[in-house]
Structure formats: structure tokens, C-alpha cells
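Structure record follows, encoded as C-alpha cells.
Note on naming: letters A, B, ... go to the chains in the order of the sequence lines (proteins, then strands), and numbering restarts at 1 for each one.
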There are 2 protein chains.
Amino acid sequence: MWMDERKEKVLQAIIEDYVSTAEPVGSRTLARKYRLGVSPATIRNEMADLEVQGYLEQPHTSAGRIPADKGYRYYVDTLMEDHEATPDEQNRIAQVFDRRLTEVDHLLRETARLLAETTHYSALVVGPRVGRTAIKGVRLVPLEEGRALLVLVTEGGFVEDQVVDMPVEVTMMELQRISGVLNEVLRGRTVISLSRDALAALHHELDRYRSLLSQTLDFLDQSEAPEGDRVFVGGASRMLAQPEFRNVEKVKRLMDLLEEEQVVHDILGAAGRGEPRVAITIGEEIHYREMTDCSLVTATYRVGEETIGRIGVLGPKRMEYAKVVSLVDNVTQRLSEKLSRGT
Amino acid sequence: MWMDERKEKVLQAIIEDYVSTAEPVGSRTLARKYRLGVSPATIRNEMADLEVQGYLEQPHTSAGRIPADKGYRYYVDTLMEDHEATPDEQNRIAQVFDRRLTEVDHLLRETARLLAETTHYSALVVGPRVGRTAIKGVRLVPLEEGRALLVLVTEGGFVEDQVVDMPVEVTMMELQRISGVLNEVLRGRTVISLSRDALAALHHELDRYRSLLSQTLDFLDQSEAPEGDRVFVGGASRMLAQPEFRNVEKVKRLMDLLEEEQVVHDILGAAGRGEPRVAITIGEEIHYREMTDCSLVTATYRVGEETIGRIGVLGPKRMEYAKVVSLVDNVTQRLSEKLSRGT
DNA sequence: TGTTAGCACTCAGCGACAGAGAGTGCTAAC
DNA sequence: GTTAGCACTCTCTGTCGCTGAGTGCTAACA
């Protein structure tokens, strides 16, 4: 739906004022603080129109207006201006990504912390599916009777591993052979890209070690088990600083949700599917009742060509969208880069 | 300090009532709810005495009494009765520890979650120092030019690893030799138990690979870097359910602290040093101003003989001590057992 | 026809105030 | 040493009225 220029200006002013004050904004304040060039009375008329059209709402008759979901939506889609990360923020980000980290988990935890710190909201990160990252090499390290460590080196030089069982009688030679076969089949590809033929070949070749193979593939795939995805939440307590969560019961319900990995996973997964870069999900668009006062800014990070994980910032609907979008975008780029280039 | 029997009964009743209601308790209520066999007036006299002696305090003149830190201390040291975990709780615990887990981190995260769930308070866990666990075996797995994966199998069959740099020109043979030497020196011992001689021998033998060796020892030791210790917090949001934290700003300050690993580490480290089994730290005894309304029940878990990590439950001072103590004790035993016996 | 000044009206928020209720300490009697 | 009785204290709750910010409507103006 279209909107004439003055209405846009009014809407923009209301949103920006409300974002910074968290108080309903009235026509008089608006006229005083923003140079709209018209009188409060005129603004009142515009506001009444905007309310009828669903862009604004009024907490009660004698209060000012606050933006409705539709208003925020129009703002982020049309009115919001681009925003560059400040040198300070850029430094802070560089600091994290220039460090030498070989554990993906550690990197992601730091990413969550970084996003929370720079945005002052909460940050959510879902770890990558191993099955979606290209594999550089596989090693099978014998540990002790009946167990081995399956070590995976992924694209960026990151290491993932898991203990697997194997028949006790497997010899070193056999282990070498198995690991050779796995290497041959997997090197340079992602598990999900494996053709049926390749898998069949693998099964044929390694039929004797069926249990070991299936554990390996489970580890690589993990697609059936979303709980297998590692979830990192940074700065959950930031929510407590927001005036919309002055109510303890309300904020408790939210924090409880954020402690459930499954939920965080869902939220990030549902938000902004297939969006180009950064996606914004506002209020009721997040399908959790506890989050109707929140918005979510999400993005997808990749390794090479493959989509592998998601990161997001959760804040009040009354969020500094432009700033958050720029930070999320920035961090996503850096993270993808680091995961591709390595260490 | 000693206390006559009736005073003890009064103190006990007040604490137990306050624990369950979070309201100051008056003489009349006390006489009605607990069979103390004396009139409110008598109880009032006892309460006045207890207040003078510092066991109780009065929020304001016309309110009942609440326990002071000293009162809680007397209670947990003298009055508290033992408590057994219920079958339900026992089941819940068994469920976690009977699962097959090969990653220490995963196990500890689950432990934190479990403690939080069963106690309904927040749980803190500090991961073990690798340097304090006995080592069953070491492997060095070549990854790619200049990097190797150092794999450690600890006492209980748990696996820890870290990427280390090495000179590019190291051959497979040499790697085997290094790993052989490491194995010989380390197997069956803890790093901190290594004698100067053993270390010197190691340095002598592996002088050519000095950087690799020092990285290895750093990884094993980590004693300089407490941030290296992994910290897990479970159910931080449980605090929000406590009436003493109805105030958002207050609870925010607490939650902010709990997000800092260093702080959690400090708290657990300071509490109950050298106590036999479960230690209780009350109010001001925790040296953080934000936690003066909290108590902490901590214990140390071990692998074999070695003390290696700590776990604790953080709740309001008004905590169900007996229940928490039994749960912490129970979980500590199970955890130690699992870490010693393995997987 | 769009804009603005003026005005009556609405309603949350705040402070003052009074009454209820829970609890205390003191005194005197048992 | 214990208890009943009583005056007193102080928080909590609800009511009331005022204030101020904000609105919508109307009528005048450009």
C-alpha cells in the first residue's frame, strides 16, 4: 500500500521517537522535535488516518500513538535508511574474527557474545550442520578396544570429531583402509550432495563395518536430529533492560523460551527463509506469543557455496533496526569468510 | 554459640515458614501453624531474643521476622534434617547419567540442566582442568600442512582435543615418535603430577619440536588461563521466579553476572574450598553484592583421586537447603563416577 | 480544499488520605 | 516463667480528586 510523503514523514518520526523513548508520542511533541513544517492539529489528522490504516495504534484515548506491526513493517521495508557500522564497532568485530580459533563452537559462542555486545540486544546463533559443509579430510584414530575417534576437517580448516564404536577385532590396517575409502568418497564434497550411487558404493565397500559406517553417516548428516545442532545464545539478559519487559513474569516467559535449544532453532529457522541477505521478522510474525513485543533480525551464513547456519538478533520491536541490520550483515560476512578461509 | 531447645524450634519454624512463603512470619502464625505448645506472647519473647542475638531481623516494626544470615547458618549447620532424593528425582538423574555421552562438555551441560530442573534454581558447573585428570593415551593426528590434532583420552574414556601447529617438515614417522614419547611420559598420570625431571626429559627429547611441545603442555595445563575452563550455567532464568527478584533491575544485575564466565568461575572456586562434601555459602559469604539475597550449594567432583571441577546450585537464601544438598550430593557422586568409569 | 486555532473531553498517573490488618512490645496477672 | 490484654506502629489497599498530556471536533482562515 502506498502512502503520501507527509504521512511517511510522520510515521518515520513517530517510529524514531518511540524507538528512542519507549513512550507513546503525541502530535505536539512531534511538531516540536521534528521539523515537519505543519501544526500539531495537522499532524493529528495524519495520525488519525495512519491509525485507521493500521500503521499506528493508541494505548488509550488520552495517550499519544505507538507504531503497530504494520507501521514497523512499512518502516523497515521503505523508510529506513542504510547505516554503516561505526569504526568502533568494526574494530570490535575485527578483534573477534582476527583471533585464531580452531573450534567452530568457540567461534560461534564468541559470535553470539559479540553480536549481543555491539547491538545491546540478545543474539542467537545456530551452529552449522556438518552434513552441509564440504569436507577436506577424514581421519579415524583408534582409541582403545572397540572405539575410535572420527575426525573431520572441514572447508575452513575447522575440526569436528566424535567417538564411534567399531568391532573390537578391526586392525590398524583395516582402519586405514576404511579411512582411505571415506576420504576418497567425501573429500571436497558435502554429505548432502552425495549421490545415491556414492552412498551405495560406500555401503558396499564397508559392509563389514556397517555399524561404524552408519554412526559416521549419522554424525555427518544429523539432519534428522535438530537437537544435534548446537545453539548459542548471547546476552539473554539484555532483554531485562528493555522497558517493555519491566514485568518480571513476562520476561521470565521469554527467557525460559530462550533456554530451550529447540525453540531457538525453530525461531531462527522460520524467520526469513530464503531472504537474500538480512531478514527482519516483526512481532506477531514470530510465531511465539511470548515474543509479540519482539523483533528478530536474521541472516544466513555460509561456507563456500553452502548455506549452513543462521544467526540473529532478538530485541524489542522498538529496535534500532538500521544499526542492527548493518551489524548482523557485517558479522555474517565475517563469519562466512572465516569459516571458508579458515582458522 | 549455643541455643536452648525452644529457641531452636522457633528458629527452625520461622525459617521453614519463610522458605515456603517468602513472607515475614509473625508470632501468631507461628503458634497457629506449628505445634510449639506455647502462646504467641511467649514466642514473641523468644523472637525478640533471637533478633538481639542476630539470628532474625525485622523488615519494619509492624512486620513479622525473617531469618538473618546467621540464622540460616545456624539452621544449615545444626537444625537441618537430612533429606533423600525422591524416586522421581533419582530417575531423572539416572536418565541423564545412563545415557552414553563421550563428550565431557556435553555431559557437563546436561548436568547443569539437570540440576536446574530438579532443584528449580540455577545451576553452575565448571569444567575439569585437563591437567588434573589422569591420561590414558595421547594421539597426534596430522591434519594438513603445519597443523595436527592433539587427541587426549582421559581416565573415563573421554576425549579432549585441540589443534596444534607444528613445523611443516615434520614427517609421519616423527609424529609417531613424538606421540610415542608423550604417551610414555603421560600415560596414567596427571600433568600436574609430573615431576620436574619428567618435564625436563620431555623437553630434552622433544627439543626440536619446541613450539609443538609447549602448545601441548599449555593445553594440558591451562592453569594460567582460568578462562580456559569451560563454564556451564543451567536455568539462569529460574531466578526470575523468586519473589526476592521481583525487581527487574536487581535481577538484571544478577543475570549479567551469571553471563560472565570469569565470575561464575570465581564464585564456585571461592565457595566451600576444602569442605568435605557439600558446602553451603550464604548471602554475604558470597562476595558479590548482587548475590546478598542468594545462597550457593557447591560440591567438588573428581576423577579417580583427583579433584577436578566444581558444581553448584544458586538460589535465594530462602532456599530448600535439605533438598538441594541431597540433589547436589547425588549428582556429584554420579558425575564423578561417570567421569571415572567412562562413557 | 487543506490547514490551523480553539475548545471541550478523556484518561493515566500521582499524591493525599483513611481504614484495615498484621504484628509488636509492654504491663500486669496467673 | 507464661500468658492475656492493650495500645501502638507501620504497611498495604482503595478511594478521590487533581493535573497534564493528548485527542477529536468545529469553525475560521488562506
Partner nucleotide, any strand, of D:dA30 [Watson-Crick/G-U, under 3.5 Å]: C:dT1
Look through every strand shown and name the nucleotide pairing with C:dT27 as Watson-Crick or G-U wobble, where both distances are under 3.5 Å. D:dA4
Looking only at side-chain atoms of [X], point me to the closest of [options].
X: B:H60; options: D:dG24, D:dT2, D:dC10; result: D:dC10
X: B:A48; options: D:dT3, D:dG24, C:dG25; result: C:dG25
X: A:R28; options: C:dC11, D:dG22, C:dT24; result: D:dG22
X: B:S62; options: C:dT4, D:dG24, D:dT9; result: D:dT9
X: A:R44; options: C:dC7, C:dT10, D:dT2; result: C:dC7
X: B:T29; options: C:dG23, D:dC10, D:dG24; result: C:dG23
X: A:A41; options: C:dA5, D:dT3, C:dT24; result: C:dA5
X: B:T61; options: D:dT3, C:dT4, D:dC10; result: D:dC10

Between [X] and [Y], is there a side-chain N and carboxylate O pair less than 4.0 Å apart?
X: B:R92; Y: B:D88; result: no
X: A:R73; Y: A:D69; result: no
X: B:D293; Y: B:K250; result: yes

Without decimals, in angstroms, what is the distance between [X] [atom1] and [N] [atom2]?
X: A:E51; N: D:dT23; atom1: CD; atom2: P; result: 10 Å
X: B:K33; N: C:dA22; atom1: NZ; atom2: P; result: 13 Å
X: B:L30; N: C:dT24; atom1: CG; atom2: P; result: 9 Å
X: B:N45; N: D:dT3; atom1: CG; atom2: P; result: 10 Å
X: A:L56; N: D:dT23; atom1: CG; atom2: C1'; result: 14 Å
X: A:Q58; N: C:dC11; atom1: CD; atom2: C1'; result: 11 Å
X: B:I66; N: C:dG23; atom1: CD1; atom2: C1'; result: 14 Å
X: B:M47; N: C:dA22; atom1: CE; atom2: P; result: 15 Å

[N] phosphate, OP1 or OP2, under 4.0 Å from [X] side-chain N/O:
X: A:R32; N: D:dG22; value: no
X: B:S39; N: D:dT3; value: yes
X: B:R65; N: C:dA22; value: no

Is there a donor-acceptor pair under 3.5 Å between the side chain of B:T292 and the backbone N or O of B:G283?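 No, because the side chain of B:T292 does not come within donor-acceptor range (under 3.5 Å) of the backbone of B:G283.
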Sole residue of B:R65, B:R44, B:K7 in salt bridge (Lys or Arg N to Asp or Glu O under 4.0 Å) with B:E51: B:R65
Can you find a pair of side-chain heavy atoms, one from A:K323 and one from A:T119, that are under 4.5 Å apart? no
